[in-house]
Amino acid sequence: MDPRRESYLRYKRMIVATVTAILLSTLASGPVLADDLPALRQGLWNFQRTVAGKKIETTECTSPTEDMKKMNATLEKSGCRMSPVKKAGNVFTYTADCSMKMPTGATMSSRSASVMTVASESSYRIEIDVVTDGQASKELLVAQRVGDCPK
């Protein structure tokens, strides 16, 4: 294979992986319609994310419900279409279809299907299946409120 073509394909895979990671991060915290959001308490939250077998853990002072509202607005402005949320008990399901313009001028398409299970106002998990330009990936986000924000 032509070395320039190999280099281009590696570059394209790297861009797809980077954009997918960014998209997963945003989708994990937000493509739910404002009226259908679960009531989650503001405070210090621990987020454990697993993407492609890699674990990422963060702790931050936040209001997950407000973050979801903001992220939803951002995603819609960037060209994503969200499905209506389906709620069954404490389980919320939704999809997002996104089309993003890459710096190279190419368009990248992505579809995610998310299942959010709310254990309480202080605990939830989201399982996300994403297909970006034919490449599938999964993410699991486990969120737990661990206390009040430091003063």
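Positions are given from 1 along the sequence.
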Which residues share a side chain to side chain contact (heavy atoms under 4.5 Å, CB included) with [X], sequence neighbours left out:
| X | answer |
| --- | --- |
| T93 | K86, V91, V115 |
| R81 | D97 |
| E60 | F47, T58, T62 |
| S123 | A119, S120, Q144 |

**Report entry** All side-chain hydrogen bond (donor to acceptor under 3.5 Å, both in side chains) counterparts of T117, not counting sequence neighbours
**Finding:** none
Report summary line: Sequence neighbours excluded, the answer for side-chain hydrogen bond (donor to acceptor under 3.5 Å, both in side chains) partners of Q48 is N46
Requested in this report: For D129 and K138, indicate whether the former's side chain and the latter's backbone hold a donor-acceptor pair under 3.5 Å.
Outcome: no
Report task. Using the disulfide bond (SG atoms under 2.5 Å apart) rule, collect all pairs that involve residues 105-134, keeping only residues at least two apart or in two chains. Result -> none
Report task. Taking all non-hydrogen atoms of both residues into account, name the closest pair between S122 and W45 and its distance. Result -> C-CH2, 3.5 Å
Requested in this report: Please name the pair of heavy atoms, one in L40 and one in T65, separated by the smallest distance, quoted to 0.1 Å.
Outcome: N-OG1, 3.1 Å
Query raised in the report: Yes or no on side chain to side chain contact (heavy atoms under 4.5 Å, CB included) for D133 and S109, after CA distance, side-chain angles and deciding distance?
Result: CA-CA 6 Å; D133 285 345; S109 298; 3.9 Å; yes
Minimum side-chain heavy-atom gap [X]-[Y] below 4.5 Å:
| X | Y | result |
| --- | --- | --- |
| M82 | Y94 | no |
| F92 | P38 | yes |
| V130 | S110 | yes |

Requested in this report: Determine, for R49 against E139, whether the closest basic-nitrogen to carboxylate-oxygen distance falls under 4.0 angstrom.
Outcome: yes
Query raised in the report: Which pairs, with at least one residue in residues 142-151 and sequence neighbours excluded, count as a salt bridge (Lys or Arg N to Asp or Glu O under 4.0 Å)?
Result: R145-D148
Query raised in the report: Which other residues belong to the hydrophobic cluster containing L140, where Ile, Leu, Val, Met, Phe, Trp and Tyr are joined when side-chain heavy atoms lie under 4.5 Å apart, directly or via other members?
Result: V142
